[in-house]
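Structure, as structure tokens:
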Amino acid sequence: MVNVILPDGSSLEYARRITPAEVAGDIGKRLAKATLAAEVDGRLVGCDETLPPDGEVRLRLITQKDPEALDLIRHSCAHVMARAVMRLFPGVQLAFGPTIENGFYYDFLTEQPISEEDFPRIEAEMRKIVQEDEPFERVVLPRDEAVALCRELGQELKVEHIEEALGDEATVSFYRQGEFVDLCRGPHIPSAGKVGVFKLLSVAGAYWKGDAARQQLQRLYGTAWFTQQELDEYLCKLEEARRRDHRVLGRQLELFMIDPAVGAGLVLWLPKGATVRRELEAFIYGELLRRGYQPVYTPAIGRVELYETSGHYPYYKESQFPPVDLAAYWGEGEKYLLRPMNCPHHIRIYQSKPRSYRDLPLRIAELGLVHRYEQSGELTGMTRVRGFTQDDAHIFCTEDQVADEFRGCLEMTQYVLKTLGLENYRVRLGFGDRSSDKYVGSPETWERAEAALARVCREMPGLPEPHVQVGEAAFYGPKADFVVDDCIGREWQLGTVQLDYNLPSRQRFGLEYIGADNRPHEPVMIHRAPFGSLERFVGMLIEHFAGAFPLWLAPEQVRVLVVSEKFEEYARQVERRLAETGLRVGADYRPEKVGAKIRDAQIERIPYMFIIGGREQETGAVAVRDRLEGDLGAMPVEAALAKLREEIEAKVVRQVAG
RNA sequence: GCUAGCGUAGCUCAACCGGCAGAGCGGCUGAUUUGUAAUCAGCAGGUUGUGGGUUCAAGUCCCUCCGCUAGCUCCA
């Protein structure tokens with residue numbers, strides 16, 4: 001006897017073994033038809049899985065309306081796609097086919113490459129399978145039989161997976177659909193007819209088990225929805241996202257360029273982009289001084305031995321521009337490295353004289369230009385480049401000061417992001433992976449640093465709950481990263497705070513300070529950068545604002561437009577007045593209609609337009625037009641000026657484009 | 001770096017099976033003197049990313065390199 005308890009508290013009793021499908025059938029015909037899967041005592045199962053024979057069972061039937069439903073049809077859709085590919089490309093081996101945000105993918109090992117040109121016939125085959133509406137049938141086999149089955153099916157990757165990863169399992173499950181059998185944990189929806197509408201989106205390479213040393217597979221990405229309308233909306237959203245892409249807007253708004261003639265991944269800041277950057281730099285310098293940092297300037301190149309001492313050079317040899325070898329060129333001389341990091345130079349400043357505990361914490365800051373030879377396939381607009389500027393600083397402090405200093409860094413980063421209206425960020429604690437040998441320093445110092453990091457993050461008011469990611473640490477220490485998404489959902493690290501017990505150590509630079517006890521001690525170092533890199537940060541900012549920067553950052557803050565050339569003389573007086581107060585003002589005296597001038601200014605995302613015609617000239621006024629709200633009516637020049645100055649002063653963020 | 005795709009005017013994109021390189025926007029010139037998201041007309045603009053090959057003929061087919069896009073891998 002089993003007692004099935006439903007979410008509304010009601011219950012049904014059965015004397016025989018039953019499945020969720022049968023329970024749904026007993027409740028109602030329509031429900032039975034709509035049921036995609038079930039949650040049994042918190043575990044997601046298929047409709048045809050037998051429930052326990054006795055006792056109490058909490059059962060929730062899952063239909064389209066439930067949050068899990070989309071994931072279910074996408075998972076089943078991945079199987080439908082795999083089945084279609086198996087039919088069209090004989091001999092393919094299946095790897096994995098999970099769901100992801102907004103869709104699914106499936107990895108295949110094939111002799112012949114699959115390209116987007118194949119999508120129509122794959123989709124056609126998928127539609128046929130959906131039409132056939134065969135059930136997804138769960139088959140559970142003992143492990144050795146499962147291995148034998150996969151071998152028989154020619155699915156060597158699955159054999160490998162069962163033997164390597166599922167070695168502890170007594171049984172494994174498969175899902176069968178006619179001729180198609182796939183190793184899969186499930187659950188699946190009852191039959192192929194319920195997968196809804198789908199579309200294949202892209203094909204890409206992916207490594208077996210994420211390991212670049214193993215076979216490269218073909219990964220097909222797709223998406224599935226319940227209705228055509230939902231699918232269309234999703235595709236439309238992708239299209240819109242593309243329009244706020246910083247690479248598109250960067251060109252349109254003339255913010256930056258990347259010129260293959262200069263080099264891949266090397267950013268040229270155009271005057272308008274440079275203006276945005278200058279404002280951000282002024283802002284960050286203000287904060288640095290207010291918070292007790294000491295700005296310095298150091299060269300972008302240094303002796304390679306410095307980076308051997310720090311460990312950067314041997315560790316990242318492959319992803320640095322090779323050293324400039326003077327001996328190879330002149331016959332004698334040293335080797336210089338285009339610096340990939342600023343810390344060694346700042347460390348040398350620390351070491352330039354004996355330091356006392358009274359000097360600590362010492363906070364050395366620099367907008368430091370660094371170069372890294374990133375893999376060609378990684379380069380992306382301003383977000384992943386080969387030359388960039390870190391708003392870097394290194395704090396040298398005593399062990400006792402670590403928590404306070406670390407907190408101060410978090411607070412500054414938080415403040416910077418908040419000022420710019422960036423609120424959609426996550427905090428990632430990158431910890432070391434103890435099983436890896438890529439880190440320097442003892443396990444004890446790592447434990448200590450990670451514990452301090454986690455504690456301070458959790459205590460920090462207003463900070464999102466951090467999530468720990470093991471293996472994401474820098475080689476010299478754990479870190480807290482501020483992470484945001486770009487317009488197409490890719491994750492990027494912006495700000496970072498890193499705790500370092502290693503570069504100061506005797507094995508590295510051997511930093512010291514003289515303590516109150518008149519004996520030498522080893523300081524702790526904190527690396528931190530609230531923006532991270534200015535290139536990446538501005539790239540994200542462009543997307544965040546969809547190019548419509550807040551007034552204080554806007555390259556052109558206000559444009560003076562004349563209704564007719566007749567008013568040019570007065571307009572020029574207004575323009576001069578605005579410029580002399582430091583506003584970035586532009587003007588449009590073309591013999592065009594106002595409509596056209598407004599349209600152009602609007603497209604250029606200029607925050608304010610001051611429109612001047614006969615009425616304004618007579619009264620010493622301007623007609624103010626706001627980028628967001630349109631015509632605000634006429635006001636005296638000085639009043640309009642004051643309004644803008646106030647908005648700039650307060651760094652108002654009026655709109656975060658949605 | 002790997003897999004797949006792409007590279008035509010400043011930008012966005014056409015050009016059928018290999019057969020005379022084109023449009024819109026932008027630019028320039030002229031006309032128009034305009035009141036809150038596009039006035040009209042004319043003109044200029046190209047070694048089709050690079051180097052090689054196949055062919056009577058290459059933007060189109062093949063190879064090399066460079067660059068770009070998506071994903072994987074990497075990310076101090």
Side-chain angles (χ1 to χ4, degrees), chain A residues 100 105 107 110 113-118 201-221 242 245 247-248 251-252 254 257-261 263-265 307 310-313 315-316 318-320 339-344 370 372-381 383-384 390 392 430 438 440 472-477 479 481 488 490 492-493 496 498 500 503 527 529 533 536 561-568 589-603 609 611-616 623-627 630-634:
Chain A
I100 49 176
Y105 66 78
D107 288 344
T110 69
I114 300 172
S115 88
E116 292 192 19
E117 281 177 26
D118 300 313
L201 296 177
S202 62
V203 54
Y207 299 105
W208 172 234
K209 302 224 167 176
D211 182 349
R214 300 215 209 190
Q215 303 97 306
Q216 183 150 40
L217 313 168
Q218 308 257 337
R219 175 172 295 180
L220 290 189
Y221 284 90
R242 173 89 190 122
D245 189 314
R247 292 164 297 189
V248 174
R251 182 184 303 122
Q252 251 169 36
E254 297 182 345
M257 63 185 272
I258 292 170
D259 182 2
Y307 298 91
S310 74
H312 290 106
Y313 182 66
Y315 191 84
Y316 291 105
E318 298 306 308
S319 45
Q320 291 171 5
R339 71 173 169 193
M341 284 292 275
N342 305 308
C343 21
V370 298
R372 300 176 185 175
Y373 193 80
E374 304 288 3
Q375 298 178 15
S376 60
E378 276 306 335
L379 302 175
T380 308
T383 43
R384 193 76 187 271
Q390 297 177 314
D392 210 357
K438 67 177 204 177
V440 297
E472 285 292 310
F475 73 90
Y476 49 72
K479 54 181 187 159
D481 292 331
I488 56 174
R490 284 179 296 211
W492 297 101
Q493 172 197 317
T496 184
Q498 312 183 356
D500 185 353
L503 292 185
H527 311 241
S533 114
R536 179 178 291 177
L561 312 181
V562 284
V563 165
S564 146
E565 283 175 73
K566 284 185 286 198
F567 313 112
E568 181 170 339
Y589 298 120
R590 291 176 303 169
E592 275 288 354
K593 292 181 157 183
V594 248
K597 297 183 188 182
I598 288 169
R599 181 170 187 272
D600 288 345
Q602 203 79 36
I603 287 169
M609 289 164 245
I611 298 170
I612 288 168
R615 295 196 293 271
E616 288 74 25
V624 177
R625 185 187 164 95
D626 179 282
R627 174 177 62 196
D631 191 359
L632 300 185

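Letters A, B, ... are given to chains in the order of the sequence lines, protein chains preceding strands, and every chain is numbered from 1.
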Assess whether one donor atom and one acceptor atom, taken from the side chain of [X] and the base of [N], lie less than 3.5 Å apart.
X: A:Q218; N: B:rU3; value: no
X: A:Y207; N: B:rG1; value: yes
X: A:E616; N: B:rG35; value: yes

- [ ] Remember a base hit wins even if backbone is also touched, and classify A:P340 as base, sugar-phosphate or nothing at under 4.0 Å, heavy atoms.
- [x] base
Task: Sugar-phosphate, base or nothing in reach of A:K593, heavy atoms under 4.0 Å - done: base
With respect to the phosphate group of [N], does any side-chain polar atom (N or O) of [X] fall under 4.0 Å of OP1 or OP2?
X: A:R247; N: B:rC11; value: no
X: A:R490; N: B:rG71; value: yes
X: A:K438; N: B:rC74; value: no
X: A:R251; N: B:rU12; value: yes
X: A:S319; N: B:rC75; value: no
X: A:K479; N: B:rA76; value: yes

Task: Candidate nucleotides B:rU33, B:rA76, B:rU36, ranked by approach to the side chain of A:Y476 - the nearest - done: B:rA76
Task: Pi stacking test for A:Y316 and B:rA76: under 5.5 Å apart, planes under 30° - done: yes
Quick check: does any side chain N or O of [X] sit under 3.5 Å from a backbone N or O of [Y], one acting as donor and the other as acceptor?
X: A:K597; Y: A:V562; value: yes
X: A:R219; Y: A:A204; value: no
X: A:R536; Y: A:T383; value: yes

Task: Integer-rounded Å distance: B:rA70 C1' and A:R242 CZ - done: 10 Å
Task: Residue mapping more 5' on RNA chain B - nearest nucleotide basis, A:D211 or A:V563 - done: A:V563
Open item on the list: Return whichever of A:A212 or A:R627 has its heavy-atom-nearest nucleotide of RNA chain B closer to the 5' end.
Closed with: A:R627
TODO: Mind listing the closest non-hydrogen atom pair of A:H312 and A:S310 along with its distance?
DONE: ND1-OG, 2.7 Å
Task: B:rG7 - base-pair partner by Watson-Crick or wobble geometry, distances under 3.5 Å - done: B:rC66
Open item on the list: Could you tell me the Watson-Crick or G-U partner of B:rU29, where both distances fall under 3.5 Å? Say none if there is no partner.
Closed with: B:rA41
